[in-house]
2 protein chains.
Amino acid sequence: MKYSNQTRILVAVDSIVFGFDGSEYKLLLIQRGFAPEKEKWSLMGGFLQPEESLDEAAKRILKQLTGLQDIYLEELKSFSRPNRDPIERVIAVTYVALIDIKKYQQQINDDFHARWFPMKELPQLIFDHQEMVEIALNKLRYKAAFHPILFELLPDKFTLPQLQNMYEGLYNTKFDKRNFTRKVLSTNLLNKENDKDKLNSKKGAFYYSLDEKQYKDTLLSIQNFIPLTEING
Amino acid sequence: MKYSNQTRILVAVDSIVFGFDGSEYKLLLIQRGFAPEKEKWSLMGGFLQPEESLDEAAKRILKQLTGLQDIYLEELKSFSRPNRDPIERVIAVTYVALIDIKKYQQQINDDFHARWFPMKELPQLIFDHQEMVEIALNKLRYKAAFHPILFELLPDKFTLPQLQNMYEGLYNTKFDKRNFTRKVLSTNLLNKENDKDKLNSKKGAFYYSLDEKQYKDTLLSIQNFIPLTEING
DNA sequence: AATTATTAGTGTAATATATACATTTAATAT
DNA sequence: ATATTAAATGTATATATTACACTAATAATT
């Protein structure tokens, strides 16, 4: 038994994968393997299969194309303009992924054909993928202002200057170091380690790591139409 | 020319339509017109048609089922569990709509079979519609804390007590009247009218209306990992 | 006409948060 | 020993948020 007189449509999943290498933001792209637009640069995409949800499809595709697993992934929005794909109608549901570039660099380069592009030097993308990236970047800026999601882009151990660089890069601005440090530390998200990163300065900067429990709690809370105590509890 | 070896899937649009009648929040539901679950209560839903985008489908379906037009509509998320519909696979993209109940009450009751249910007295809903409503409500609470979207629920002229009731209802709490008034007026969103609402009190409360220009600007701004000046400009 | 009841409307002081701003410290290189 | 570089740190001011209670306007009642 089926629904009659209704049109069935191809459903694709496309993931906007952001990374940060310590100094700049990058986007992971792949050369499309089939026509049309074969060999052109594309987001990490594929078709939804019969027995999987969209979340599962996004994970599967990311793994197939890059080997990446256990990655931060969140639905962004759907794209459904009737002629967005010239071959036949395809609606795309997009996801945003955040990863620590260095953690997987070897793997991505060696085994797959995905490549990181600096956000300021993106190639032409297929279909409406450019628009997807712009919307994803705006959402990342929005969300990161309220939730500590950018930590997904950092290695397990990172320094305060690295953290500040990452925030400054996203908003294209400079913050006062003292104020930034105070604000970040006041969240209790960070545990200070005993060792220092000596690669980037003579003095060396102490490493910090995420307090995982605090992180999970803080991810859901927010920081104003409503007294904040009502929202954050 | 088509993509080969791929499964095409039915795509539905379901809209969670919230209203506020001055004292409580309500949800607009309709009795499903076809099997399965015929006559059961459902969100405003329908299938995506070949020549329309999802946004257009959401608008069309809302108009067909309720006569409503020019309504606040925003994509929520997709729902794609393989067996969410017992007949055949259907993925659903959901939208949230906000409307002033009174403005359309007559129209909805007379010409259509949609009905408003108080949020605390919802009937059983088909499929995963209950989950959709919960997620939509959470998102509304989240977004309304930063953006003045709840004004969509109010008539063109409203009083400060009505406005406060609406906010208190959503967060299930009480605010201090002086602080709330000060905060709302400091946004410059409101223009004071010369007449009063005399229905709800002896003294009468002055009407206010939205400053449309200010409203459009404020909708996009937000109000804390990042100094707010960076975001709001 | 006077009294009562009801809800609207308003200000101030205390606290918390955010911002602006410059010097000292640790380590390496010369 | 000195110079260089970047990390680390504190205080004063401004702004925003919160807590709190009385007066004003009107309709209903006597």
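Note that this is a predicted model, so its numbers are computed, not measured. Throughout, protein chains are lettered first and strands after them, A, B, ... in sequence-line order, and every chain is numbered starting at 1.
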Pairs: protein N or O with nucleotides 24-28 of chain C N or O, under 3.5 Å:
{"from": "C:dT25", "atom 1": "O2", "to": "A:K203", "atom 2": "NZ", "distance (Å)": "2.7"}
{"from": "C:dA27", "atom 1": "O3'", "to": "A:K202", "atom 2": "O", "distance (Å)": "3.4"}

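- In this structure, B:F206 atom CZ and D:dT26 atom C1' are separated by 12 Å, rounded to whole Å.
- What separates CG of B:N165 from P of C:dA8 is a distance of 8 Å, to the nearest Å.
- Rounded to whole Å, atom C1' of D:dT23 lies 12 Å from atom CZ of B:R178.
- Between B:F180 atom CZ and D:dC20 atom P the separation is 20 Å, expressed in whole Å.
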Which donor-acceptor pairs under 3.5 Å do side chains of residues 148-159 of chain B form with protein atoms, sequence neighbours excluded?
{"from": "B:E152", "atom 1": "OE2", "to": "B:Y215", "atom 2": "OH", "distance (Å)": "2.6"}
{"from": "B:K157", "atom 1": "NZ", "to": "B:D195", "atom 2": "OD2", "distance (Å)": "2.5"}
{"from": "B:T159", "atom 1": "OG1", "to": "B:Q162", "atom 2": "N", "distance (Å)": "3.2"}

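- Cation-pi geometry between B:K143 and B:F146 is not satisfied (NZ or CZ under 6.0 Å from the ring centre, within 45° of the ring normal).
- In this structure, NZ of A:K183 is placed 19 Å from P of D:dA8, rounded to the nearest angstrom.
- Salt-bridge check for A:K139 with A:E74: passed, with a basic side-chain N closer than 4.0 Å to an acidic carboxylate O.
- Under the 4.0 Å criterion applied to side-chain N and carboxylate O atoms, B:K102 and B:D21 are not assigned as salt-bridge partners.
- The separation between B:L163 atom CG and C:dG9 atom C1' is 15 Å, rounded to whole Å.
- Taking atom CG on B:D197 and atom C1' on D:dA25, their separation rounds to 14 Å, with Å as the unit.
- For B:R182 and C:dG9, a side-chain-to-base donor-acceptor distance below 3.5 Å is absent, hydrogens and geometry of angles not being considered.
- Checked by atom type and distance alone, the side chain of B:R115 never pairs as donor or acceptor with a backbone atom of B:I30 at under 3.5 Å.
- With sequence neighbours left out, the salt bridge (Lys or Arg N to Asp or Glu O under 4.0 Å) criterion links A:K63 to no other residue.
- Projected onto DNA chain C by closest heavy-atom contact, B:N179 and B:P161 fall at different nucleotides, the more 5' of which corresponds to B:P161.
- In this structure, the CG atom of B:L199 is 13 Å from the C1' atom of D:dA27, given to the nearest Å.
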